[in-house]
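Notes follow once the structure below has been shown.
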Amino acid sequence: MFGWSNAYVAIVGLSLIVSVSLAAPECTRSEEYCQDRAMHPDLPEAPTATKSRAIEGENTNEYWREKATQHIKEKLSAELNKNKAKNIIFFLGDGMGVTTTSAARNLLGGEEKELSFERFPYTGMAKTYAVNKIVPDSACTATAYLCGVKAQEGTIGVIGSLDRSTCVDNEDTHVPSIAKWAIDAGKWSGLVTTTRVTHASPAGVYAHTSERDWENDQDVKNRCSDNEQNVHDIGYQLANNEVGSKLKVILGGGKRNFVDSGIESWGARVDGRNLIEEFKDANERNVYVDTVDQLLAVDVTQTDRLFGLFNTDHMKYRMENEEDTTEPSLEQMTRKAIEHLSQNENGYFLFIEGGRIDQAHHENWARMALNETTEFSSAIQAARDLTNEEDTLIVVSADHSHVFTYGGYGTRGQDVLDAAPSKAADGKPYMILNYANGPGYTLNFNSDAKERNDPTTVLTGSKHDRYPSGVPMGNDSHGGDDVPVFALGPWAHLFTGIYEQNTIPHIMAYAACLGEGHTMCSVESKQKK
Ligand SMILES: *[C@@H]1O[C@H](CO)[C@@H](O)[C@H](O)[C@H]1NC(C)=O
Ligand SMILES: *[C@@H]1O[C@H](CO)[C@@H](O)[C@H](O)[C@H]1NC(C)=O
Ligand SMILES: [Zn+2]
C-alpha cells in the first residue's frame with residue numbers, strides 16, 4: 001500500500017525506457033491464467049524443486065498461529081503508560097520511508113528480522129505535505145515535527161505566511177520549538193546529527209530562518225543587502241540565539257559554518273569570527289571536541305555544554321568511514337549525549353538524526369541508504385538500553401519519504417540488493433530495488449542503443465552502485481507518501497492513527513506536560529511523578 005504510488009511511477013518510467021515491444025507473447029491458456037501471469041510474471045509455472053526458506057518451520061501452520069497468538073498476548077498484557085515523561089528523545093531518519101525500513105530488514109538477515117524501533121509497541125502514520133507543496137523538504141517538515149506548525153518549503157522555525165528566502169528576521173515570524181518549551185520547563189536540550197549541525201533538520205531545534213541554505217553569513221550576504229544584515233545565518237543562531245546558546249549537547253558535522261575563511265582555509269564565514277573559540281572562551285566548563293577519541297574521553301560530570309564537530313562538512317557515511325577514522329558513529333554520539341543530559345534531575349529533550357539516509361537515496365545509492373538505516377537502528381537500540389520506558393518517551397519518525405521502490409518477487413533468503421529471480425520483458429534481469437527518478441537512469445540505460453543495460457553487469461556490489469531509475473534526474477526526489485511514527489514510553493499510545501506531522505511535538509509536549517501555552521496537559525499526567 002505505502003509504496004504503491006512510487007512503484008506505479010517507476011513502472012511507467014521504466015516502460016518508457018524500454019521501447020522494445022512490451023506486448024506480451026500470445027497466451028493460449030485460460031483467461032484467468034493469462035491475466036494472472038501477466039501481472040505476476042515471476043510466479044513459477046509449478047512448484048520448484050528447490051525450496052529456499054529463511055526460517056525452519058515457516059511451512060507449518062503452527063509457526064504462524066503461534067506467532068499471531070504471541071502478538072495478541074503481548075497486546076493484552078500491555079498496560080497504558082500514563083506516567084509523566086521526564087525525558088523525550090526524538091529520532092529522525094531523514095528520508096526514511098516505509099520501503100526503506102522494510103528493505104533494510106533484509107540486511108539484518110531476512111524479512112522476519114526487525115529494526116530496533118519496529119519493536120516499539122505503538123505506531124502511526126504522519127502526513128508530510130507543506131503549506132505550499134504536496135511533497136515537502138527537510139526544512140518545513142522540521143518546523144512541523146519540532147515546532148508544531150506546518151510552513152513553506154525551505155523555511156525553518158517561522159510562520160507559514162513567510163515566503164522562502166525573504167530577508168527578514170523579526171520575532172513576529174518566529175515559531176518556538178519543543179526544545180525551547182523543554183528549556184523553559186527546566187529541562188536540558190541537545191541535538192545529535194550525522195549531517196552539518198546547521199543543516200535543515202537539526203536547525204529546526206533552534207533556528208528561525210526563511211532560508212535553509214543560509215548556513216553561514218556568506219550565504220546570507222549573497223542574498224540580502226547590507227542594511228538587512230540583522231538577518232542571522234543558522235551557524236550564528238546556533239552559537240548565539242536563545243535556544244542555540246543554551247543547548248547542552250551539539251554533536252555532528254559542519255565545522256566550516258563556524259569559522260572565518262581567513263582563520264582556517266576550510267572556514268566558510270566572512271565576518272571574521274571563530275564561533276568555536278568563542279564557545280570555548282565563554283565558560284571553562286564548555287567542552288569542544290572534534291575526534292571520536294576526544295568525545296569518548298569527555299567526563300560529563302566536569303562538562304556544562306558539550307560541542308562536537310567531526311567534519312568540516314557532513315559527517316561521513318558509515319560505509320565510507322571504515323578505516324583510520326576520527327569520526328564517531330551515530331551510536332557513539334547518542335550514548336555520550338544521553339550520558340550528559342541524564343545528569344539533569346528535571347530531564348531533557350534530545351533530537352537525534354540519521355541524516356544521510358536521505359542523501360544516499362538522492363544519489364540512488366540504495367546500499368548506503370539501507371546501511372545508514374541499520375546504523376540509525378543501532379543508535380535507537382542504544383538509547384533504549386540507556387533509558388527507562390517508565391520515564392522516557394522515545395519517538396522515531398522520518399521527515400518525508402523517497403521515490404524508492406521495493407518489488408520483484410525475490411526468493412526468501414536472497415539479498416534484497418540483487419536482481420529479481422526472473423527476467424523483464426526485454427529479456428534482461430531487473431533489480432528488486434529501483435527508484436522512480438534520479439541519477440541511476442544514466443548508468444542503467446544505454447541511450448545509443450535505446451535499451452536498458454543489464455543492471456547485473458553495471459551494478460558491481462559497490463557501495464556507490466546507483467540503482468536504476470525510471471526518469472533521468474541529478475538527484476532523486478522526495479516522496480509524498482506518509483511516514484511511519486514509532487513510539488515507546490509515557491503516552492506512546494497517543495501516537496497511533498494517521499495524523500498531520502505537526503501533531504508530533506504536541507503529543508510529546510503533552511506526555512511531558514510542557515508549557516501550558518503549547519499544549520493541553522493532562523491532570524492525570526501532571527499528578528504523577
Ligand atoms: C554497514 O556498514 C558498516 C561499514 O561498512 C558495516 O560494518 C556494517 O556491518 C554494515 N551494516 C549492515 C547491517 O550491513
Ligand atoms: C546530488 O545533489 C548533491 C547536492 O547538490 C550533489 O553534490 C550531487 O553531485 C548530486 N548528484 C548527482 C549525481 O548529480
Ligand atoms: Zn532530501
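Order of appearance sets the numbers: ligands from 1, and atoms from 1 within every ligand.
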Quick check on ligand 2: any N or O pairs to the protein under 3.5 Å? One line per pair.
residue, atom, partner, partner atom, Å
ligand 2, 2 (O), Asn475, OD1, 2.9
ligand 2, 2 (O), Asn475, ND2, 2.3
ligand 2, 11 (N), Glu363, OE1, 3.3
ligand 2, 11 (N), Gly474, O, 3.3
ligand 2, 11 (N), Asn475, ND2, 3.2
ligand 2, 14 (O), Gly474, O, 3.2

Step-by-step ring pair (Phe, Tyr, Trp, His ring centres under 6.0 Å) determination, Phe495 to Phe120: CA-CA 11 Å; Phe495 286 91; Phe120 285 12; over 10 Å; no

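- Among the candidates Asp213, Asp217, Thr198, the single residue satisfying the side chain to side chain contact (heavy atoms under 4.5 Å, CB included) test with Ile234 is Thr198.
- Within the 2.8 Å limit, His362 places at least one N, O or S atom next to the Zn ion (ligand 3).
- For the pair Arg452 and Phe445, the cation-pi test (distance below 6.0 Å, angle within 45°) is failed.
- Residues Glu211 and Ser165 have side chains that bring a donor and an acceptor to within less than 3.5 angstrom of each other.
- Proximity of the aromatic rings of His478 and His361 is defined here by a centroid distance below 6.0 angstrom, and this criterion is not met.
- Between Glu322 and ligand 1, an N or O atom pair is found at a separation short of 3.5 Å.
- For the residue pair Asp169 and His174, a side-chain donor N or O sits within less than 3.5 Å of a side-chain acceptor on the partner.
- An angle of 150° is found at the Zn ion (ligand 3) between Asp358 atom OD2 and His478 atom NE2, rounded to 10°.
- Between Phe90 and Tyr145, a ring centre-to-centre spacing shorter than 6.0 Å is recorded.
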